[in-house]
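Accompanying notes for the structure given below.
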Number of protein chains: 2
Amino acid sequence: MDVDTRLLRYFRAVAEEGTLTKAATRLYLSQPALTKQIRQLEDQLGATLFERSKSGMALTGPGAALAESIDAVLDAWDRAERAVRTAESEASKVLRIGFLASAANEKTQPIIAAFRERRPDWRVELRQASWGAPAAALASGEVEAAFMRVPFPNQEDFHLLELLTEPRCVAMAANHALTQEQTFAFAALLDEPFIAAPAATGAFRDHWIGAEARGGHPVKIGAITEQPDDWLTAIANGDGIALAPESAARYYARPDIAYRPVTGVAASTVALAWPRTGRPTAALTDFITAATRTADR
Amino acid sequence: MDVDTRLLRYFRAVAEEGTLTKAATRLYLSQPALTKQIRQLEDQLGATLFERSKSGMALTGPGAALAESIDAVLDAWDRAERAVRTAESEASKVLRIGFLASAANEKTQPIIAAFRERRPDWRVELRQASWGAPAAALASGEVEAAFMRVPFPNQEDFHLLELLTEPRCVAMAANHALTQEQTFAFAALLDEPFIAAPAATGAFRDHWIGAEARGGHPVKIGAITEQPDDWLTAIANGDGIALAPESAARYYARPDIAYRPVTGVAASTVALAWPRTGRPTAALTDFITAATRTADR
DNA sequence: CACATCCATAACCGCAGGTTATCGATGCAT
DNA sequence: ATGCATCGATAACCTGCGGTTATGGATGTG
């Protein structure tokens, strides 16, 4: 029998969320569509996968069996995809590098230049990744390495090479009352609404709402964003304030946004990340070397 | 990225056959449909998988990378599917057993009876398998075990328990000139057209055209069939003659078909087959025990 | 008792995946 | 040299599937 891996992901979402409705919103899908798909999966397999009740969907025996075996399928496919994309990169002499927001700041260009010196016939393609699923492009091999801010979800699946560390500052609307102050203690901002990353990003989200400096003090979420532009707009809009790397003041300067230094919160580190599975290609190795040299300077 | 496993099988077929046209016929698909699908796979992956030429499709680097990783994906899915079906069988107390044509002849019922004695609350469901892909239902877990005639393709992936051996005879149209004779030497039939199984069935097909008794003498194919009914019709129709187990004369007696003893060709053995991967369920173990006892009698 | 929540159903729409028919290019055999 | 077979690409068309919105019915819950 054949399946679309999409169906498997649907199934996994329902199994994890426990209700069709929640899974549907998480998948950006309408609930009836999910109902149909799950039912179809059950029909094709000739098995009842969920026990329906008024309080949600509970896995049956066969459902649990599927849930256990699904990851192996999806992982195998991810590996296959990565293998193809890597080979394609090799064939067309293009190294695809992902980045979030400002990549490695002022070091980005020197790294690329150093790489180009070693491989003049290659091109480096930079691709922006959504921070809604920062490691997705890496896992599927869409990019071979990425400039990431640590921590990020599933970080343990990747090699990391730290490139730079910079203090964090706070970003707020230019007309915000707090812009009166020239500098802040983070502790004074605990009750401000924050612009946050999606909950699914786990440690990444926590880091950028300053969870480690809150001592359990709950956070108020002003908005949830997945892209630099959405993020800037939300801040300018006054939906809340946000922690940002100091370099944001250079790379994302706007008249409607003010950046202020903040104390009492850890710095932010940018690292180059690449998958642990498989061996890096020769070209990627050269890129890593280039990055290492530049980091040492 | 998501794929349908069907697409992967398409790709594999093209990679193996080397031309779209051949792959399309093997897949029972029109050539333009395949063209489209392969192109789409390439688009989705952003890679050229084949080098097109006037003499066919040759794998590129990325194509070869995919070809290598595909089996892992499909195997993982087969395992997942089997796990679900097994669990479903357990949950609904139904043991699904596949068979080709007459199953294990007169032993079928005693085996099932012996199983039912041990598990009165269970049902045994017999499902006919196409001999076009005799092991497919077994591999995907659609049935948990099957009565098979050995040899069959991918036989090495299964445990086998031999149940009975019977001589083979020759089947022909009732109005065939050869029905004059009462018994045959197989050597006298080498130039007769034979009704055969699809080429993809390998050793199975060879066995039933008596390849091992031909000493390299080529076979003339009168028709290719995948089902007992097609097979009987083709024989009755005079498209050719066929080797058959002796029991066919009992289980497939028809006025328009004559069965005659034949010498000089090996006997046929029926075995119970079940997958090597994974541990058989308790119910299946009981069934195997029942079969063992009955075979010993 | 009103309401929120959850899944199922119905009606609808666009597109993907299949079909047949046909074409142009190439290589092989007469 | 010419004619035929074979290969992949393209076009036009049809059906069904995967999604949508709107709505219903059942079951807890303030």
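Values reported hereafter were calculated over all heavy atoms of this structure, with side chains retained and with hydrogens, waters and symmetry mates removed. So you know, we letter chains A, B, ... as the sequences are listed, proteins then strands, and number each from 1.
OP1 or OP2 of C:dC6 has not a single side-chain nitrogen or oxygen of A:R52 nearer than 4.0 Å.
For the side chain to side chain donor-acceptor pair (under 3.5 Å) condition, the pairs that include at least one residue of residues 66-75 of chain B, sequence neighbours left out, are B:R12-B:D71.
Atom CD in A:E42 sits roughly 9 Å away from atom P in C:dA8 (whole-Å rounding). Per the geometry, NZ belonging to B:K22 stands 17 Å off P belonging to D:dA5, to the nearest Å. Per the geometry, CG belonging to A:D2 stands 10 Å off P belonging to C:dG18, to the nearest Å. Atom P of nucleotide C:dA8 and atom CD of A:E51 are separated by 12 Å, given to the nearest angstrom. Following rounding to the nearest Å, B:I38 (CD1) and D:dA9 (C1') show an atom-to-atom distance of 14 Å.
The residues A:R85 and A:E125 are annotated as not salt-bridged, no charged nitrogen and carboxylate oxygen being separated by less than 4.0 angstrom.
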Protein-proximity profile, nucleotides 10-20 of chain D, B/S/- by nucleotide at the 4.0 Å heavy-atom cutoff, equals BB------BBB
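The closest donor-acceptor contact from the side chain of A:W77 to the backbone of B:T5 lies at 3.5 Å or more, if one exists at all. Listed for the B:Q155 side chain is a donor-acceptor partner under 3.5 Å among the backbone atoms of B:F152.
Remark: A:R82 pairs with no residue by the salt bridge (Lys or Arg N to Asp or Glu O under 4.0 Å) rule, at least two apart or across chains. Checked against ring-ring contact (aromatic ring centres under 6.0 Å, His included), B:F99 has no partners two or more places apart in sequence or in another chain. Under the ring-ring contact (aromatic ring centres under 6.0 Å, His included) criterion, A:Y10 pairs with no residue at all, not counting sequence neighbours.
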Nucleotide N/O of nucleotides 23-30 of chain C paired with protein N/O under 3.5 Å:
none

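No hydrogens or angles considered: nothing links the side chains of A:E90 and A:T86 as a donor-acceptor pair under 3.5 Å.
Across C:dC7, C:dC6, D:dG8, the shortest atom-to-atom separation from the side chain of B:T19 is found for D:dG8.
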